[in-house]
There are 2 protein chains.
Amino acid sequence: MQGITGQELSSKKAEYLKYIHMQGDVVKTTEIAACFSVAPSTVTKALTEIAKAGYIEHTPYHGVSLTPHGAEYARFLIRRHRLVALILSRHGLEPEEACREARKIEQCFSKDLTDRMCTSLGHPMMSVCGEIEHDHRCCGSHGDRS
Amino acid sequence: MQGITGQELSSKKAEYLKYIHMQGDVVKTTEIAACFSVAPSTVTKALTEIAKAGYIEHTPYHGVSLTPHGAEYARFLIRRHRLVALILSRHGLEPEEACREARKIEQCFSKDLTDRMCTSLGHPMMSVCGEIEHDHRCCGSHGDRS
DNA sequence: TCAAAGTTTGGTAGGTATCTAAATTTTTCT
DNA sequence: AGAAAAATTTAGATACCTACCAAACTTTGA
């Protein structure tokens with residue numbers, strides 16, 4: 001919970017987790033494979049590891065769903081993505097480009113760095129690719145750091 | 001020359017190249033190994049590959065030196081590093097932190113993205129960790145794109 | 001129930017980085 | 001010069017990451 005560094009998952013796995021979060025409920029392996037254009041077995045392997053790390057519940061042949069921890073982590077990943085995209089858009093990139101480039105670089109940004117940039121930007125509500133959710137203790141936005 | 005993408009070298013190799021550039025002349029394997037706290041053999045292997053890619057001249061048992069191409073590439077790497085650090089410093093990080101964090105994320109920034117951010121920042125002369133050199137055609141700063 | 005669809009297992013492959021130990025070359029010192 | 005010491009390279013391993021395929025397996029739905 002409080003121990004997020006932002007590098008727990010490889011970038012591909014993080015992408016899978018974000019995708020699962022955005023799909024909501026139970027997600028099938030094949031669906032993910034199709035979306036990312038990789039073989040289903042590649043996804044299964046990644047999913048198994050993500051499950052082992054505690055972010056998802058994997059019921060073979062039925063799909064995966066987020067654990068509470070996974071949901072929290074996914075929210076962080078999405079917030080980070082949107083913050084990075086926002087910063088890029090403020091440096092001359094068109095919205096779509098900003099979102100695309102953000103996907104390439106976001107995995108390098110630690111939780112701490114993300115939170116500090118968030119603060120520095122004044123906890124913006126909107127990015128170029130969606131709303132930015134600022135939950136409770138996300139980055140001191142609501143002063144409950146005690 | 002014109003084909004820099006920014007991802008030609010892995011981040012470790014890029015660090016070595018920057019180091020070699022900053023040391024000037026001929027650099028010894030052991031010196032690099034000590035600086036990065038890795039075994040000399042690790043450096044030798046990396047150096048061999050960097051040399052194969054044409055960025056350095058490696059004379060076994062005597063050290064390495066930059067080729068003209070390597071020098072140009074190193075200048076890009078350093079400019080990119082300083083631009084990224086500058087941006088981070090403008091988002092609430094102290095100079096030293098900005099430099100340290102920049103080292104972690106800079107390898108993700110393409111040449112194109114770097115140039116655009118450079119333009120957007122108005123081709124700044126100074127960053128938090130040194131001057132930023134804007135050579136001839138670096139990013140359209142001197143209008144000689146033809 | 002049985003075939004098609006979907007999923008997992010196990011093996012292969014390429015990339016990065018690292019280390020230890022042994023062999024080689026260079027340097028230093030007597 | 002010659003030998004010991006230091007520096008460097010090579011070889012052989014390990015360890016991760018990503019990705020893929022073929023074959024075996026499970027589920028689903030007609």
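Computed from a predicted structure; not experimentally measured. Each chain gets a letter, A, B and so on, in the order its sequence line appears, and its residues count up from 1.
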**Message:** Rounding to an integer number of Å, can you tell me how far B:Glu8 CD sits from C:dT16 C1'?
**Reply:** 17 Å
**Asked** Rest of the hydrophobic cluster containing B:Met22 (Ile/Leu/Val/Met/Phe/Trp/Tyr, side-chain heavy atoms under 4.5 Å)?
**Response** B:Ile78
So which protein nitrogen or oxygen atoms get under 3.5 Å of nucleotides 13-16 of chain D's nitrogens or oxygens?
none

**Asked** Which nucleotide in the list C:dC19, D:dT9, C:dA17 gets nearest to the side chain of B:Val38?
**Response** C:dC19
**Request:** Output every pair passing salt bridge (charged side-chain N to carboxylate O under 4.0 Å, His left out) with a member in residues 9-20 of chain A, not counting sequence neighbours, ordered by first then second residue.
**Result:** A:Lys13-A:Glu49, A:Glu15-A:Lys18, A:Lys18-A:Glu106
**Prompt:** Expressed in angstrom and rounded to an integer, what is the separation of A:Glu49 atom CD from D:dA19 atom P?
**Reply:** 11 Å
**Message:** Measure CG/A:Leu47 against P/D:dA19 and give the value in whole Å, please.
**Reply:** 13 Å
**Request:** Measure from OH on B:Tyr16 to P on C:dA17 and round the result to the nearest Å.
**Result:** 7 Å
**Prompt:** Pick the nucleotide of DNA chain D nearest each of A:Lys12 and B:Thr48; which residue has the one closer to the 5' end?
**Reply:** B:Thr48
**Item:** Nucleotide D:dC20, atom P - distance to CZ of A:Phe36 in whole Å
**Value:** 13 Å
**Message:** Apply the hydrophobic cluster definition, ILVMFWY joined by side-chain contacts under 4.5 Å directly or through others, and give me every member besides A:Leu88.
**Reply:** A:Leu83, A:Val84, A:Leu86, A:Ile87, A:Leu93, A:Ile105, A:Phe109, A:Leu113, A:Met117, A:Leu121, A:Ile132, B:Leu83, B:Val84, B:Leu86, B:Ile87, B:Leu88, B:Leu93, B:Ile105, B:Phe109, B:Leu113, B:Met117, B:Leu121, B:Ile132
**Prompt:** Over how many whole Å does the gap from A:Lys28 atom NZ to D:dT27 atom P extend?
**Reply:** 12 Å
**Item:** Heavy-atom protein contacts under 4.0 Å, nucleotides 20-29 of chain C, coded B base, S sugar-phosphate only, - none
**Value:** B---BSS---
**Request:** Have a look at A:Ser37 and say if it touches a base, only the backbone sugar-phosphate, or nothing, with a 4.0 Å heavy-atom cut-off.
**Result:** sugar-phosphate
**Prompt:** Does the pair B:Asp115/B:Arg79 count as a salt bridge with the N-to-O cut at 4.0 Å?
**Reply:** yes
**Message:** Between the side chains of B:Glu131 and B:Arg82, is the shortest nitrogen-to-carboxylate-oxygen separation below 4.0 Å, so that they form an ion pair?
**Reply:** no
**Request:** Take atom CD of B:Gln107 and atom C1' of D:dC17, then tell me their distance rounded to the nearest Å.
**Result:** 15 Å
**Asked** Has B:Thr29 got a side-chain N or O lying under 4.0 Å from the OP1 or OP2 atom of D:dT9?
**Response** yes
**Request:** Using distance alone, with no hydrogens and no angle criterion, decide if A:Tyr55 and A:Glu8 have a side-chain donor and acceptor under 3.5 Å apart.
**Result:** no
**Aromatic plane relationship, B:His69 with B:Tyr73 - under 30° parallel, 30 to 60° tilted, over 60° perpendicular** = perpendicular
**Request:** Would you please confirm or rule out a distance under 4.0 Å between OP1 or OP2 of D:dT10 and any side-chain N or O of B:Thr44?
**Result:** no
**Pairs involving residues 54-70 of chain A, ordered by first then second residue, that meet salt bridge (charged side-chain N to carboxylate O under 4.0 Å, His left out) (sequence neighbours left out)** = none
**Complete:** side-chain contact (heavy atoms from CB on, under 4.5 Å) test vs B:His21 passes for just one of B:Leu66, B:Val27, B:Ile56, namely B:Leu66
